Amino acid sequence: MLGARINTEFGLCPTCTRHVERAIAELPRDYVELSLQLGKTGSPVGDKVSGSRDTPTPIRLGVEATMRAIAHEAQVWAESVGEVLNTAWDTQTARDSRPGAVLQRACTLLAGSVSALLALRGVDHLVGDDRDGYVPVTRDGVDGALVLADLHQRARFILGKTRIVHRLPAPCPRCESTALERPDGSDTITCSACLRVYSWDEYQRLCCALADRREIADAA
């Protein structure tokens, strides 16, 4: 999905917060689908080694790097949130456990505690660098929310699930938020604020009714 950049100057608005929550909740599925991608052959992206049945090297490296980043970022932020909430999180046990299981537990904690994540200030983490190493970095919870949301989008891109989404200027007829989205080529419109789904005809009919009500109110 191609959308507007999240504005963090004053924290996250309710709509962006819900977007982050959904992105975090979907990370375990992203991880599983990326692991399955490693086993596929015949990807059209990248150059295959002659005679090899493996996934092309550029794609494989991108998939593996994204999987590592998802698992690492979810774990370090879950550890930081767990400390604030006094929730047990054994880092050593997590490191020795299966990455998928640790990721599921971390994302369950984070998705259910997004407000605690966003409230974090000045936490110290080891963050992956361009040389496959880790460097110490001090970050806030909003940084973590954006990193996790970006990893979800990166996974969707690798998996070929991204598509253009048109944002409509009219308010939602149900909640009146300017959060209506229509995926390119779709006949339905969804409000990202209240999650109401409209057909195109229903949307036009309701918008006209809403406009009529406003005209009457303005004239009164």
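Keep in mind that what you see is a predicted model, and the values were worked out from it rather than measured.
The two residues G62 and I158 have their closest heavy-atom pair at O-CD1, 3.8 Å. A155 approaches L34 most closely through the heavy-atom pair CB-CD1, 3.9 Å. Taking all atoms of both residues into account, the shortest heavy-atom contact from L118 to A145 is CD2-CB, 3.7 Å. Scanning all heavy atoms of the two residues, the minimum distance from E176 to P171 falls at O-CB, 3.6 Å. Of all non-hydrogen atoms in L148 and A74, the two that sit nearest each other are CD2-N, 3.9 Å. Contact between A116 and L85 at its shortest, heavy atoms only, is CB-CD2, 4.1 Å.
Remark: R182 CZ to T190 OG1 distance equals 11.5 Å, nearest 0.5 Å. Between the NE2 atom of H19 and the CD1 atom of I24 there is a distance of 10.0 Å, given to the nearest 0.5 Å. The distance from atom OH of Y31 to atom CD1 of I70, rounded to the nearest 0.5 Å, is 8.5 Å. Separating the CG atom in L109 from the CD atom in E79 is a distance of 11.0 Å, to the nearest 0.5 Å. Atom CZ of R205 sits about 13.0 Å away from atom CH2 of W200, to the nearest 0.5 Å. Here CG of L180 is found 12.0 Å from CZ of R174. Values are rounded to the nearest 0.5 Å.
Looking at residues two or more places apart in sequence or on another chain, you find no ring pair (Phe, Tyr, Trp, His ring centres under 6.0 Å) involving F157. H152 is linked by a side-chain contact (heavy atoms from CB on, under 4.5 Å) to A23, E26, L27, D30, R156, counting only residues two or more places apart in sequence or in another chain.
Hydrophobic clustering (ILVMFWY, side-chain heavy atoms < 4.5 Å, transitive): L195 and Y203 are in distinct clusters. By the criterion of side-chain heavy atoms lying less than 4.5 angstrom apart, applied directly or through intervening Ile, Leu, Val, Met, Phe, Trp or Tyr residues, V137 is not grouped with V142; the two fall into different hydrophobic clusters. A single hydrophobic cluster is seen to contain both L159 and L151, as judged by linkage of ILVMFWY side chains at heavy-atom distances under 4.5 Å, directly or through other members.
Counting only heavy atoms from C-beta outward, the side chains of S35 and M67 approach each other to under 4.5 Å. Residues L126 and V76 have side chains not in contact (no heavy-atom distance under 4.5 Å, counting atoms from C-beta outward).
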_R139/V147 under side-chain contact (heavy atoms from CB on, under 4.5 Å): CA gap, chis, key distance, verdict_ = CA-CA 11 Å; R139 304 183 288 182; V147 166; 4.2 Å; yes

*asked:* Could you walk me through whether L38 and R60 satisfy the side-chain contact (heavy atoms from CB on, under 4.5 Å) test, starting with their C-alpha distance in whole Å, then the side-chain angles of each, then the deciding distance to 0.1 Å, before giving a yes or no?
replied: CA-CA 6 Å; L38 288 177; R60 181 178 293 277; 4.0 Å; yes

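For residues 61-84, the pairs satisfying ring-ring contact (aromatic ring centres under 6.0 Å, His included) are H72-Y134, W77-H125, with sequence neighbours left out.
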